[in-house]
Amino acid sequence: MSTPRVRGVGRKIINFGEISGIAYSPKGLMQKRRKVPLGILLRRFLGATIFSIVVTTIFFVHVHVSTSTTHRHDHKFNHKIPTFRDLQSWTRELAPPHLSKALLSAPKLNDSRGDPDYETLWKPPPNHGFQPCTKPTPDYKSSANSRGYLLVHTNGGLNQMRAGICDMVAIARIINATLVIPELDKKSFWQDNSNFSDIFDDKRFISSLADDIKIIKELPKDLANANRMVKQFKSWSGLDYYENEIAALWDNFKVIQASKTDSRLANNYLPPDIQKLRCRACYEALRFSPRIEQMGKILVERMRSFGPYIALHLRYEKDMLAFSGCTHDLSTTEAEELRIIRENTSYWKRKHIDPKEERSKGLCPLTPKEVGIFLSALGYPTKTPIYIAAGEIYGGESHMTELRSRYPFLMSKEKLASIEELEPFANHASQMAALDYIVSVESDVFVHSYPGNMARAVEGHRRFLGRGRTISPDRKALVRLFNKLSIGSMTEGKKLSYIVNDLHKGRVGLLRKRKGPIPGTKGVDRFRSEETFYANPLPDCLCQTESTPLV
């Protein structure tokens with residue numbers, strides 16, 4: 001009978017009995033074999049043991065070296081983080097492993113109250129005893145029976161829509177309407193197909209305002225095909241316009257549809273309870289959806305892990321530059337691309353713009369390079385963590401090089417979160433903007449490069465909550481300084497720093513009453529020149545608990 005073999009190897013199988021020198025015959029009879037001396041057996045056993053130890057040691061050393069090498073390569077790769085697609089997947093941590101070790105080990109900025117840097121760079125402006133006060137006055141009554149339904153088609157980006165929605169809440173109260181959950185703008189430059197509930201907490205919105213107006217999710221089916229009045233409400237209109245001209249439409253229609261929502265309600269000279277209702281709508285009822293709030297909180301925690309931080313709303317995006325006609329520091333090809341976009345955007349009325357004249361008037365957003373000079377002159381050290389609250393920067397890294405050379409610790413939602421974490425929001429511009437909004441409102445210092453809808457909304461919200469500094473650059477004065485730097489008649493240093501800090505003593509988010517119209521302006525220009533309600537809700541929504549005078 002042939003000896004059994006291991007399949008595919010051809011090696012004889014060892015019988016257990018052979019170890020002791022005793023074999024079992026096929027017939028099951030024990031037979032004695034030649035005895036092996038005990039000394040030889042011990043030497044064989046020790047030799048096999050030593051061989052096994054050597055092989056195991058070599059294996060683990062190899063694995064350790066390979067792993068260490070991989071980590072070194074990963075460190076070099078992740079240190080760059082050049083694009084969104086290069087980010088590594090990771091779990092929710094305060095110290096993201098895809099950030100470079102150099103950044104994570106960098107000393108935190110000192111934000112203690114006794115530190116000189118805290119006083120000059122981080123200390124919030126005094127609040128003079130002001131606290132949010134949005135509760136109705138004793139004269140305020142619960143909403144009366146609705147006379148009809150108000151449909152709302154919002155327009156613009158996230159913050160333009162937010163302000164418009166809050167205005168429509170107040171208008172619904174004025175004309176005694178039931179408000180149907182607003183339809184968001186899906187056709188503007190951002191092409192975001194998000195619905196109201198994708199961005200906002202609709203349940204909270206409805207319940208929080210139940211004592212003010214009735215809000216429903218959809219128009220009743222029996223009115224779906226009813227005649228409706230589609231109307232563009234007049235800009236910056238007051239109480240009389242809505243109580244008389246608009247409310248009179250109920251005599252003939254059960255449904256009124258507002259075709260636009262931006263700037264449809266006056267900033268000033270409205271009853272206190274209407275103004276307080278706008279604040280309740282904006283700061284208490286209109287919250288972002290739970291998933292956006294949760295992701296925003298995670299981003300804030302990750303920024304705070306590096307110490308106090310600046311949120312920079314860098315409005316250097318394609319739509320802004322095309323709309324404003326500003327081309328400073330852009331190539332001829334880039335300037336031409338922006339001109340074509342402006343020409344082909346039908347709802348942008350200004351087509352022919354002199355970029356040099358716009359810049360000299362301070363009407364252009366600061367470039368990333370100019371922002372770097374500005375922050376350096378204010379005294380913020382190079383290790384300052386800066387969160388870039390913006391969409392895609394026009395020209396990408398080519399226009400960010402000089403800002404990054406001054407402030408290498410530039411972060412963004414794409415760098416703080418993994419691809420998987422951002423995936424639910426990534427293809428929705430308004431949802432991504434909502435994340436930036438949350439991080440900006442919670443920042444230690446907020447700086448904007450252009451006072452657009454986002455900048456004004458964040459500034460107003462921070463004033464309402466009593467948050468830290470909100471720095472508004474004096475762009476007209478800064479442009480003159482930048483021009484001197486470019487021709488060599490001035491250099492960066494103590495003199496520039498003194499001038500810049502002196503220019504911005506009163507531009508750090510100080511509490512003050514909302515500015516009225518510019519003297520001498522009339523008609524629409526008069527209302528347009530007023531400071532917007534949502535940039536400064538004082539005095540309507542902030543009450544003073546101390547007798548400290550405003551500066």
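Only this structure's heavy atoms are used, side chains among them; waters, hydrogens and symmetry mates stay out.
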Looking just at side-chain N and O atoms, do [X] and [Y] make a donor-acceptor pair shorter than 3.5 Å?
| X | Y | result |
| --- | --- | --- |
| R291 | Q431 | yes |
| D185 | H153 | no |
| Y394 | E337 | yes |
| T134 | R280 | no |
| N195 | K186 | yes |
| R456 | N453 | yes |
| H399 | E334 | yes |

- Task: Have a look at Y387 and tell me which of I310, L312, D436 forms a side chain to side chain contact (heavy atoms under 4.5 Å, CB included) with it.
- Result: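 Result for side chain to side chain contact (heavy atoms under 4.5 Å, CB included) with Y387: D436.
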Flag the pair [X] / [Y] as yes when their ring centroid distance falls below 6.0 Å, and as no otherwise.
| X | Y | result |
| --- | --- | --- |
| F374 | F482 | no |
| F464 | Y283 | yes |
| Y450 | H313 | no |
| Y534 | H461 | no |

Can you confirm whether [X] is buried at [atom1], in the sense that more than 12 heavy atoms of other residues, nucleotides or ligands lie under 6.0 Å from that atom?
| X | atom1 | value |
| --- | --- | --- |
| R528 | CZ | no |
| N244 | CG | yes |
| E402 | CD | no |
| I518 | CD1 | no |
| D354 | CG | yes |

- Query: Passes side-chain contact (heavy atoms from CB on, under 4.5 Å), S237 versus R264? Steps please.
  - Reply: CA-CA 6 Å; S237 296; R264 302 298 127 178; over 6 Å; no
- Task: Show the numbers, then the answer: is there a disulfide (SG to SG under 2.5 Å) between C279 and C541?
- Result: CA-CA 6 Å; C279 280; C541 303; 1.9 Å; yes
Is there a donor-acceptor contact under 3.5 Å from the side chain of [X] to the main chain of [Y]?
| X | Y | result |
| --- | --- | --- |
| K413 | V439 | no |
| T345 | W348 | no |
| T384 | Y380 | no |
| S418 | E421 | yes |
| D525 | T521 | no |
| W236 | R526 | no |
| D192 | S430 | yes |

- Item | Evaluation steps, side-chain contact (heavy atoms from CB on, under 4.5 Å), between K369 and L403 | CA-CA 5 Å; K369 175 184 176 180; L403 174 59; over 6 Å; no
Check whether any side-chain heavy atom of [X] lies under 4.5 Å from a side-chain heavy atom of [Y], and answer yes or no.
| X | Y | answer |
| --- | --- | --- |
| V508 | T470 | no |
| E183 | V152 | no |
| P365 | C326 | yes |
| P385 | M411 | no |
| E530 | R514 | no |
| L481 | L496 | yes |
| M161 | L184 | yes |
| I213 | L150 | no |

- Kindly indicate, with the supporting measurements, whether the criterion side-chain hydrogen bond (donor to acceptor under 3.5 Å, both in side chains) is fulfilled by N483 and R359. CA-CA 11 Å; N483 288 342; R359 185 169 179 269; 3.0 Å; yes
- Query: Stepwise, does the side-chain contact (heavy atoms from CB on, under 4.5 Å) test hold for I181 with F205?
  - Reply: CA-CA 9 Å; I181 286 286; F205 183 64; 3.8 Å; yes
- Message: Walk me through whether D167 and R278 qualify under salt bridge (Lys or Arg N to Asp or Glu O under 4.0 Å).
- Response: CA-CA 6 Å; D167 279 356; R278 293 168 86 176; 3.0 Å; yes
- Can you check whether C282 and C166 have SGs under 2.5 Å apart?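 A disulfide is absent here, as the SG pair of C282 and C166 is separated by 2.5 Å or more.
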- Cationic N near anionic O, under 4.0 Å, D444 to R467: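 Looking at D444 and R467, the cut-off is not met.
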- Task: Describe, in one word, how the ring planes of F288 and Y437 are oriented to each other, choosing from parallel (under 30°), tilted (30 to 60°) and perpendicular (over 60°).
- Result: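 The arrangement is perpendicular - the two ring planes meet at more than 60°.
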- Run the numbers on D502 and K505 for salt bridge (Lys or Arg N to Asp or Glu O under 4.0 Å), then give the verdict. CA-CA 6 Å; D502 189 58; K505 284 181 179 178; 3.4 Å; yes
- Test: R342 cationic atom under 6.0 Å from F323 six-membered ring centre, within 45° of axis: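 Here R342 fails the 6.0 Å and 45° test against F323.
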